[in-house]
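In what follows, every heavy atom counts, from backbone to side chain, and hydrogens, waters and symmetry copies are set aside. Given the structure is predicted, the values throughout are model-derived calculations rather than measurements.
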Amino acid sequence: MARGPVSNQPPTRDGPRVNEDIRVPQVRLIDQEGEMIGVMSARDALLRAYDAGLDLLEISPNAVPPVCKITDYGKFKYEQQKKANEARKRQKVVEIKEVKVRPNIDDHDYEVKMRQMKSFIGEGDKVKVTLRFRGREMAHQDLGIKVLERIRIELGETIKVEQMPRLENRQMIMVLAPK
């Protein structure tokens, strides 16, 4: 039964230090009402926290001396979790939507593809425009460049070109992002 290397150090846990984990000689104390008490020994601050039936929580460990507050640690952890969940809800995941076109695309097909691209960009997603060449169309790459240029000009100020048209094998790729 082989195990990994054994270390003498206690496991590090994320978050601020609490109660006996605060091993500094002096701390700047803030009481449960949010009032600044001042600098005192960590032991005295811990005794005050226990008398109040609460925990001593290290708020600012890099300050000299570290700033500690008398508060309920369980409530503090709950508030932190709520903030993290709220931030996760608000963040938008940017997706890359792909629109495929051809060098000799018909006007109506072009309009449909433009509507799709406008809606994707309106939703905040990036658009990857793929223009595929078949057979002898490779000899007329200038037609493909014209189509991609037309798309870029029509979308105008609503987009920024993240990747200029680039030929990869038998297709040209251009990536557009909302401004």
Side-chain angles (χ1 to χ4, degrees), residues 1-18 21-22 57-64 66-69 71 73-179:
M1 191 159 111
R3 290 187 183 178
V6 178
S7 70
N8 304 8
Q9 297 176 345
T12 58
R13 60 182 187 88
D14 52 340
R17 293 187 292 188
V18 186
D21 293 339
I22 303 170
L57 182 71
E58 189 176 46
I59 301 294
S60 178
N62 298 332
V64 179
V67 179
C68 294
K69 184 176 183 180
T71 186
Y73 183 59
K75 185 177 176 185
F76 173 81
K77 273 182 26 179
Y78 173 73
E79 293 292 327
Q80 294 295 98
Q81 188 67 38
K82 256 175 66 172
K83 281 181 191 172
N85 287 343
E86 199 62 36
R88 202 174 305 119
K89 275 184 204 170
R90 271 190 246 115
Q91 95 184 34
K92 166 85 171 92
V93 177
V94 177
E95 292 182 37
I96 297 182
K97 305 284 188 172
E98 186 173 16
V99 176
K100 294 184 178 183
V101 292
R102 305 260 307 124
N104 52 355
I105 189 168
D106 190 52
D107 285 339
H108 182 263
D109 294 337
Y110 178 81
E111 298 298 323
V112 170
K113 300 286 184 181
M114 282 304 292
R115 271 200 306 274
Q116 276 183 329
M117 286 186 264
K118 285 177 183 172
S119 77
F120 292 152
I121 286 173
E123 292 169 11
D125 294 325
K126 293 181 182 181
V127 177
K128 177 181 177 182
V129 184
T130 305
L131 187 130
R132 170 156 275 168
F133 293 104
R134 283 198 200 135
R136 293 188 188 138
E137 289 173 349
M138 280 302 287
H140 302 287
Q141 292 177 10
D142 55 328
L143 293 176
I145 290 173
K146 282 181 186 172
V147 171
L148 292 178
E149 195 64 25
R150 183 177 166 197
I151 290 170
R152 190 176 65 81
I153 289 169
E154 254 186 68
L155 290 173
E157 294 299 311
T158 60
I159 54 116
K160 64 175 179 244
V161 179
E162 209 164 79
Q163 181 184 319
M164 290 304 277
R166 187 175 87 217
L167 189 67
E168 290 180 6
N169 299 329
R170 289 193 152 268
Q171 57 189 18
M172 264 188 193
I173 296 172
M174 176 171 71
V175 178
L176 309 170
K179 267 195 177 168

Engineer: So which atom in Arg170 and which in Met138 form the shortest heavy-atom distance, rounded to 0.1 Å?
Structural biologist: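 Closest approach of Arg170 to Met138, heavy atoms only: NH1-CG, 3.0 Å.
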Engineer: Evaluate the side-chain proximity of Lys83 to Gln80: yes if any heavy-atom separation is below 4.5 Å, no if none is.
Structural biologist: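 A side-chain contact under 4.5 Å exists here.
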Engineer: Which atom names give the shortest non-hydrogen contact between Ile121 and Thr158, and what distance separates them?
Structural biologist: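 Nearest pair, atom of Ile121 first, then Thr158: CG2-O, 3.9 Å.
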Engineer: If you round to the nearest 0.5 Å, how far is NZ of Lys128 from CE of Met117?
Structural biologist: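 So the CE of Met117 and the NZ of Lys128 are separated by 14.5 Å.
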Engineer: Can Glu58 and Asp21 be said to form a side chain to side chain contact (heavy atoms under 4.5 Å, CB included), step by step?
Structural biologist: CA-CA 9 Å; Glu58 189 176 46; Asp21 293 339; over 6 Å; no
Engineer: Going by heavy atoms in the side chains, are Ile59 and Pro16 under 4.5 Å from each other?
Structural biologist: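 Answer no - side chains too far apart.
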Engineer: Does any part of the side chain of Pro66, heavy atoms only, come nearer than 4.5 Å to the side chain of Ile22, both counted from C-beta?
Structural biologist: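 With C-beta onward as the side chain, the pair stays apart.
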Engineer: Can you tell whether the side chains of Glu123 and Lys97 come within less than 4.0 Å, N to carboxylate O?
Structural biologist: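 No.
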Engineer: Can you tell if the side chain of Met172 reaches within under 4.5 Å of the side chain of Phe133, non-hydrogen atoms only?
Structural biologist: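 With C-beta onward as the side chain, the pair touches.
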Engineer: Nearest 0.5 Å please: distance from the CE atom of Met114 over to the CD atom of Glu111.
Structural biologist: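 Answer rounded to 0.5 Å: 7.5 Å.
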Engineer: Do any N or O atoms from the side chain of Lys118 and from the backbone of Leu155 form a donor-acceptor pair under 3.5 angstrom?
Structural biologist: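 The answer is no, because no donor-acceptor pair under 3.5 Å joins these two groups.
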Engineer: Please check if the number of heavy atoms outside Arg134 that lie under 6.0 Å from its CZ is greater than 12.
Structural biologist: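 No, the 6.0 Å shell around CZ holds no more than 12 heavy atoms from other groups.
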Engineer: Counting only heavy atoms not in Asn85, do more than 12 fall under 6.0 Å of its CG?
Structural biologist: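 Yes, the 6.0 Å shell around CG holds more than 12 heavy atoms from other groups.
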Engineer: In terms of side-chain geometry, is the basic nitrogen of Glu149 or Arg152 positioned less than 4.0 Å from the acidic oxygen of its partner?
Structural biologist: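 A salt bridge links Glu149 with Arg152.
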Engineer: Are Gln171 and Thr130 linked by a side-chain donor-acceptor pair shorter than 3.5 Å?
Structural biologist: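 Note: Gln171 and Thr130 side chains miss the donor-acceptor criterion.
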Engineer: Given side chain to side chain contact (heavy atoms under 4.5 Å, CB included), test Glu95 with Phe120 step by step and report yes or no.
Structural biologist: CA-CA 9 Å; Glu95 292 182 37; Phe120 292 152; over 6 Å; no
Engineer: How long is the span from the CD1 atom in Ile96 to the NZ atom in Lys126, to the nearest 0.5 Å?
Structural biologist: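 Nearest 0.5 Å value for the CD1-NZ distance: 5.5 Å.
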Engineer: Would a 4.5 Å heavy-atom cut-off, applied to side chains only, mark Arg150 and Tyr110 as touching?
Structural biologist: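 With C-beta onward as the side chain, the pair touches.
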Engineer: So do Arg102 and Glu137 actually touch side chain to side chain, heavy atoms under 4.5 Å?
Structural biologist: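 Touching, per the 4.5 Å side-chain cut-off.
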Engineer: Other residues, nucleotides and ligands only: do more than 12 of their heavy atoms fall within 6.0 Å of NZ on Lys179?
Structural biologist: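 Correct, the count exceeds 12.
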Engineer: Start with the C-alpha gap between Ile151 and Leu176, add the side-chain angles, then the distance that decides, and say whether side chain to side chain contact (heavy atoms under 4.5 Å, CB included) holds.
Structural biologist: CA-CA 10 Å; Ile151 290 170; Leu176 309 170; 4.3 Å; yes
Engineer: Measure the shortest side-chain to side-chain distance between Leu143 and Asn104 over non-hydrogen atoms and say whether it is less than 4.5 angstrom.
Structural biologist: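 Not in contact.
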